[in-house]
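Numbering of ligands and ligand atoms starts at 1, following listing order. In this chain, residues are counted from 1 in sequence order.
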Amino acid sequence: MIELSQEQRIILENVRRVAKERIAPLASEIDREGVFQWDIARLFGQMGLLQIFLPPSYGGLEEDKTLMFCLCVEEIAKACASSALMLIVQAVGSYPIVVAGNKDQRDRFFPRLSKGEELISYLVTEPYAGSDVAGIRAKAQKNNGDYILNGHKCLATNGGVATLYTVLAKTAEKELTFFVVERDQEGVSVGKTEDKLGFRGSNTTEVILEDVRVPRDNRLGKEGEGFVIAMKDFDMSRPSIAALALGIAEAALDVSLDYACQRETFGKPLVKHQAISFMLADAAMQIEAGRGLMVEAANLHDRNEPNTKLASMSKCFCSDVAMKITTDAIQILGGYGYIKDYPVERLFRDAKLTQIFEGANQIQRMVIAREMIKERG
Ligand SMILES: Cc1cc2nc3c(=O)[nH]c(=O)nc-3n(C[C@H](O)[C@H](O)[C@H](O)COP(=O)(O)OP(=O)(O)OC[C@H]3O[C@@H](n4cnc5c(N)ncnc54)[C@H](O)[C@@H]3O)c2cc1C
């Protein structure tokens, strides 16, 4: 389905090998300990994976960025979803600078991100506004040519480990604007670190902004362009959440197929019982269909063509599929699926988040329907 150049195949082979040999063996420990893995972040930085969306002069890929990004995320998610999420958040956090940053901002921030040593986090969600992005309350008030930011951001992936934040705040009642904020600036503090159901190796925190003085030069785009920038970010990120979900689903199918071939009940392997083999067949079929959506959404984005509908379809379909396949995987393993000696219960817990973040699946369906109505004129 996917035609890759030789160079792209080599990149992907390398990612696949690293995921299998260096990340997969750590996945259950990462889940158990629930601690952010700096070693893996540095490894990704050295491999150039944290920089894919930066301009090529800063270590980004020349072409097919979104597709290659998704394929890398999928490979790593098969090994460890928490680790794969690091790549997505780095892309999501830096993307407002990629799409709206001026030359000075690119020159100041990209060299820091291009070394692969610093992380950037994306601060949009607040306790009172998640799905309804326009409902955020964080405020940026002009003051002597600078802005004073006040707000309470929550559920920020890498909020406690990033040194840079892209923050969405209101510059007027109905006007949202993105700013780049340094974590060590006066008035910035990291609040509670969340204790989560899944993605336990991923750092999720509150970030509180109290009278933070942000230079005008850190505003991305014009005042009021923040909402459009956030929507552009979704067009890039949603196919990658599809990839994350696919990786989780593929890992679950892999374990359940192996188990079904070995485990015998009533004198034959589980896989010879039609009810079980149909579950496996459905899983394989849904993964292939999901990959088709993901690849199409990513290719459209790489060709600069509108992909909003396909991006939402890929995110929604693949995450629903991941939830179904990981649930069935537990069923196929029976009692053993429910205990931590096997990875399927972790995959099941991780799959759930893919239905919630980067726009919950109800919101994806709203977007798809809205795009369909638009197409009808
Ligand atoms: C682990 C984790 C990491 C995250 N990382 C980040 C991050 O890095 N940066 C960031 O900004 N945010 C992040 N988020 C936040 C995430 O994007 C939001 O949780 C998500 O957008 C949903 O928002 P909410 O939680 O406020 O739910 P709400 O908006 O309150 O919605 C609650 C439920 O109602 C449904 N719903 C809402 N409105 C409608 C409607 N009109 N019709 C039908 N159903 C509706 C939703 O689909 C959802 O199921 C993260 C969340 C988690 C859990």
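- Ion pairing between Asp350 and Arg200 fails under the 4.0 Å rule for side-chain N and carboxylate O.
- Counted within 6.0 Å of CD on Gln185, heavy atoms from surrounding residues, nucleotides or ligands total more than 12; the atom is thus considered enclosed.
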Tabulating one pair per line, provide the atom names and distances (0.1 Å) for every N/O atom of ligand 1 that is less than 3.5 Å from a protein N/O atom.
{"unit_1": "ligand 1", "atom_1": "5 (N)", "unit_2": "Leu155", "atom_2": "O", "d": "2.8"}
{"unit_1": "ligand 1", "atom_1": "5 (N)", "unit_2": "Thr157", "atom_2": "OG1", "d": "2.7"}
{"unit_1": "ligand 1", "atom_1": "8 (O)", "unit_2": "Thr157", "atom_2": "N", "d": "2.9"}
{"unit_1": "ligand 1", "atom_1": "8 (O)", "unit_2": "Thr157", "atom_2": "OG1", "d": "3.3"}
{"unit_1": "ligand 1", "atom_1": "9 (N)", "unit_2": "Tyr122", "atom_2": "O", "d": "2.8"}
{"unit_1": "ligand 1", "atom_1": "11 (O)", "unit_2": "Val124", "atom_2": "N", "d": "3.1"}
{"unit_1": "ligand 1", "atom_1": "11 (O)", "unit_2": "Thr125", "atom_2": "N", "d": "2.9"}
{"unit_1": "ligand 1", "atom_1": "11 (O)", "unit_2": "Thr125", "atom_2": "OG1", "d": "3.1"}
{"unit_1": "ligand 1", "atom_1": "12 (N)", "unit_2": "Thr125", "atom_2": "OG1", "d": "2.7"}
{"unit_1": "ligand 1", "atom_1": "14 (N)", "unit_2": "Leu155", "atom_2": "O", "d": "3.3"}
{"unit_1": "ligand 1", "atom_1": "23 (O)", "unit_2": "Ser131", "atom_2": "N", "d": "3.3"}
{"unit_1": "ligand 1", "atom_1": "26 (O)", "unit_2": "Gly130", "atom_2": "N", "d": "3.4"}
{"unit_1": "ligand 1", "atom_1": "29 (O)", "unit_2": "Ser131", "atom_2": "N", "d": "3.0"}
{"unit_1": "ligand 1", "atom_1": "29 (O)", "unit_2": "Ser131", "atom_2": "OG", "d": "2.6"}
{"unit_1": "ligand 1", "atom_1": "47 (O)", "unit_2": "Gln362", "atom_2": "OE1", "d": "2.7"}
{"unit_1": "ligand 1", "atom_1": "49 (O)", "unit_2": "Gln362", "atom_2": "OE1", "d": "3.4"}

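- When atom types are taken as modelled, the side chain of Glu126 and the backbone of Ala138 share a donor-acceptor pair closer than 3.5 angstrom.
- The existence of a salt bridge linking Lys340 and Glu345 is confirmed by a sub-4.0 Å separation between a basic side-chain nitrogen and an acidic carboxylate oxygen.
- Within a 6.0 Å radius of CD in Glu371, more than 12 heavy atoms belonging to other residues, nucleotides or ligands are found.
- Under a cutoff of 6.0 Å and an axis angle of 45°, Arg106 and Phe110 do not form a cation-pi pair.
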